[in-house]
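Values below: all heavy atoms of this structure, side chains included; hydrogens, waters and symmetry mates excluded.
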Protein chains: 2
Amino acid sequence: MTTAKSETIAAQISKTLAARIIAGEIEAGAKLRQDHIAEEFGASHVPVREAFKRLESQGLVVSEPRRGVRVAGFSVDEVREVAEMRAALETLALRNAVPHLTRAILDQAEEANRAGDRALNVQAWEMANRAFHRILLAPCGMPRLLKAIDDLHTASARFLFSGWRAEWEAPTDRDHRAILDALRAGQTEIAATTLARHVQTIGQKKPK
Amino acid sequence: MTTAKSETIAAQISKTLAARIIAGEIEAGAKLRQDHIAEEFGASHVPVREAFKRLESQGLVVSEPRRGVRVAGFSVDEVREVAEMRAALETLALRNAVPHLTRAILDQAEEANRAGDRALNVQAWEMANRAFHRILLAPCGMPRLLKAIDDLHTASARFLFSGWRAEWEAPTDRDHRAILDALRAGQTEIAATTLARHVQTIGQKKPK
DNA sequence: CATTCCATAATTATAGATAATTTTTAGAGT
DNA sequence: ACTCTAAAAATTATCTATAATTATGGAATG
């Protein structure tokens with residue numbers, strides 16, 4: 001599978017590293033040495049540095065001047081922080097999206113939800129989950145907000161994968177269905193409060 | 001005035017360019033040519049590119065691959081978007097900060113408010129305004145949230161400076177005082193709703 | 001007048017060298 | 001044996017020079 005031709009090398013490296021960090025292949029706190037990564041990708045150190053900058057802005061790595069970058073850790077507090085930010089921003093997005101929601105969009109979201117129910121592993125479930133949220137929120141037409149939410153989803157996914165790697169079973173997502181039902185009935189407030197509660201429960205599921 | 005010695009050159013360039021963009025010295029849509037900027041700062045193009053990446057993550061410039069970066073424009077819709085995001089995130093931060101607010105912190109905020117009243121130009125007022133918000137919200141202890149809010153403040157400041165450059169008079173800030181009074185009285189909800197309304201009024205003040 | 005083609009310019013990436021800083025290693029002294 | 005200091009190694013950050021890819025603008029052509 002070849003990556004898009006017109007993407008810069010830095011963007012490709014950034015995406016690959018982000019995927020690895022999210023998947024837990026590189027553990028938190030590990031140093032990322034630019035020369036090694038440059039060699040692995042057959043590139044020079046310049047695009048690697050740019051990829052680092054992008055990962056830093058996503059909160060996946062932290063950079064200390066002259067000391068290199070390392071994979072960001074995440075504490076329980078930070079997981080809660082991300083969950084609360086998601087609750088605040090996703091409800092805002094939903095309220096602005098509601099006037100533009102059509103039946104077709106709601107059907108799309110329901111399909112994504114079903115795909116989540118059918119998921120065999122946590123990665124597939126997360127992909128469907130993210131699709132569900134994105135489909136419902138995208139019609140708000142607020143690009144900056146959507147990008148912020150997307151970065152928070154990425155952070156959430158990291159937590160999800162790190163704690164649940166082994167034991168995981170597909171949860172039939174009751175909340176998603178409740179949100180869809182409320183939206184179909186035109187009950188925006190109920191949908192928004194359900195969404196807020198739903199997002200915050202993710203932060204509460206301790207990985208045991 | 002020498003900048004901090006241990007900062008990377010990229011960080012210095014980024015800060016300087018950000019200040020110029022916010023101040024309106026570089027107009028929206030203007031191309032930023034890395035070679036020229038590198039020459040101006042006596043640096044090479046590599047740190048300039050890294051500075052661009054940082055500005056991009058702050059939303060101050062947009063980058064099109066192989067076509068360079070240009071100063072981001074901002075529409076009325078975007079100003080409203082930023083205001084709504086600020087309202088959502090600052091109320092969240094305030095609610096989490098309230099348990100940690102001391103009388104000393106509230107006094108600090110009041111002093112910042114007075115400094116705003118004494119401000120002779122919009123830049124000084126903005127600085128005091130930002131200080132007011134930061135003092136009240138910082139005790140929430142949520143670094144990711146605070147950083148996001150700070151970036152939104154930057155975007156707000158751009159709008160403020162662009163529209164009000166010439167004609168501006170110090171508004172005695174009634175909302176700030178109302179927020180402080182509510183906090184002193186332990187009325188968290190009133191403080192939060194006042195803050196939300198206050199932030200959104202900024203987006204409504206049309207220039208001219 | 002529209003279209004194609006080419007020259008120019010700018011961005012993006014490579015490679016090697018240099019400086020500065022951090023980390024590690026080794027050694028001296030108590 | 002332990003600690004503190006000094007030298008060495010490793011890594012980052014930067015610069016210079018150069019090549020390759022892609023836009024942009026204008027000229028030539030149908």
Side-chain angles (χ1 to χ4, degrees), chain A residues 1-21 25-73, chain B residues 1-21 25-73:
Chain A
M1 194 194 301
T2 57
T3 35
K5 62 173 180 182
S6 65
E7 260 185 349
T8 65
I9 294 182
Q12 294 174 32
I13 296 175
S14 156
K15 275 188 185 170
T16 306
L17 289 181
R20 281 188 201 166
I21 293 172
E25 289 174 33
I26 318 178
E27 61 184 327
K31 272 189 221 160
L32 293 179
R33 271 184 280 258
Q34 56 182 24
D35 286 347
H36 298 188
I37 293 169
E39 193 181 4
E40 178 193 339
F41 285 86
S44 74
H45 56 269
V46 178
V48 173
R49 295 181 59 76
E50 291 189 20
F52 283 175
K53 269 274 182 297
R54 179 168 203 144
L55 296 173
E56 193 184 356
S57 82
Q58 290 181 298
L60 292 178
V61 306
V62 291
S63 154
E64 298 163 280
R66 308 267 170 195
R67 298 179 70 181
V69 309
R70 49 181 66 233
V71 177
Chain B
M1 194 192 302
T2 57
T3 37
K5 63 171 181 183
S6 64
E7 258 186 352
T8 66
I9 294 181
Q12 293 174 32
I13 296 175
S14 157
K15 275 188 185 172
T16 307
L17 289 181
R20 281 188 202 167
I21 293 172
E25 288 174 34
I26 318 178
E27 61 185 329
K31 271 191 218 156
L32 293 180
R33 270 185 281 257
Q34 56 185 22
D35 288 346
H36 299 186
I37 293 169
E39 193 181 4
E40 179 192 339
F41 285 87
S44 77
H45 66 98
V46 179
V48 173
R49 295 181 56 74
E50 292 187 18
F52 284 175
K53 268 277 182 294
R54 178 168 204 146
L55 296 173
E56 192 183 358
S57 81
Q58 290 181 299
L60 292 177
V61 306
V62 290
S63 156
E64 297 163 281
R66 306 270 173 192
R67 297 181 67 181
V69 308
R70 50 182 64 234
V71 178

Just the rounded figure in Å: distance from C1' of C/dT14 to CD of A/Glu39. 15 Å
Within less than 4.0 Å of OP1 or OP2 of D/dA23, is there a side-chain N or O belonging to B/Arg66? no
Taking all non-hydrogen atoms of both residues, which atom of A/Ser14 and which atom of A/Leu55 are closest, and how far apart? O-CD2, 3.6 Å
Nearest listed nucleotide, side chain of B/Ser44, among D/dT12, C/dA13, D/dC15: D/dC15
Is B/Leu17 close to B/Val61 at the side-chain level, that is, under 4.5 Å between some pair of heavy atoms? no
By nearest atom, which of the nucleotides C/dT14, D/dA13, C/dA10 is closest to the A/Gln34 side chain? D/dA13
Search all heavy atoms of B/Gly59 against all heavy atoms of B/Ala72 and return the closest pair with its distance. O-CB, 3.6 Å
Between atom CZ in B/Arg67 and atom P in C/dT12, what is the gap in whole Å? 11 Å
Can you tell me if A/Glu40 has over 12 outside heavy atoms packed within less than 6.0 Å of its CD? yes
Euclidean distance, atom CD of residue B/Glu7 to atom C1' of C/dT21 [Å, nearest integer]: 16 Å
Write down the distance between CD (A/Glu50) and P (C/dT14), rounded to a whole number of angstrom. 10 Å
Considering only side-chain heavy atoms of A/Ile9, which listed nucleotide, C/dA13, D/dC15, D/dT11, is closest? C/dA13
A/Glu56 atom CD is separated from D/dA13 atom P, nearest whole Å, by 10 Å
C/dT11 phosphate, OP1 or OP2, under 4.0 Å from B/Arg33 side-chain N/O: no
Side chains of B/Glu50 and B/Val46: closer than 4.5 Å at any heavy-atom pair? yes
Which is true for A/Leu32 with a 4.0 Å heavy-atom rule: it touches a base, it touches only sugar-phosphate, or it touches nothing? sugar-phosphate
Separation of D/dT21 atom C1' from B/Glu64 atom CD, nearest Å, is 17 Å
Starting at NZ of B/Lys53 and ending at P of C/dT12, how long is that distance when rounded to a whole Å? 8 Å
B/Asp35 or B/Val46: which one's nearest nucleotide on DNA chain C is closer to the 5' end? B/Asp35
D/dT14, OP1 or OP2 - any side-chain N/O from A/Arg49 closer than 4.0 Å? yes
Among C/dG16, D/dT12, C/dT14, find the nucleotide with the atom closest to the side chain of A/His45. C/dG16
Closest listed nucleotide, where the reference is the side chain of B/Thr8 and the choices are C/dA13, C/dA10, D/dT14: D/dT14
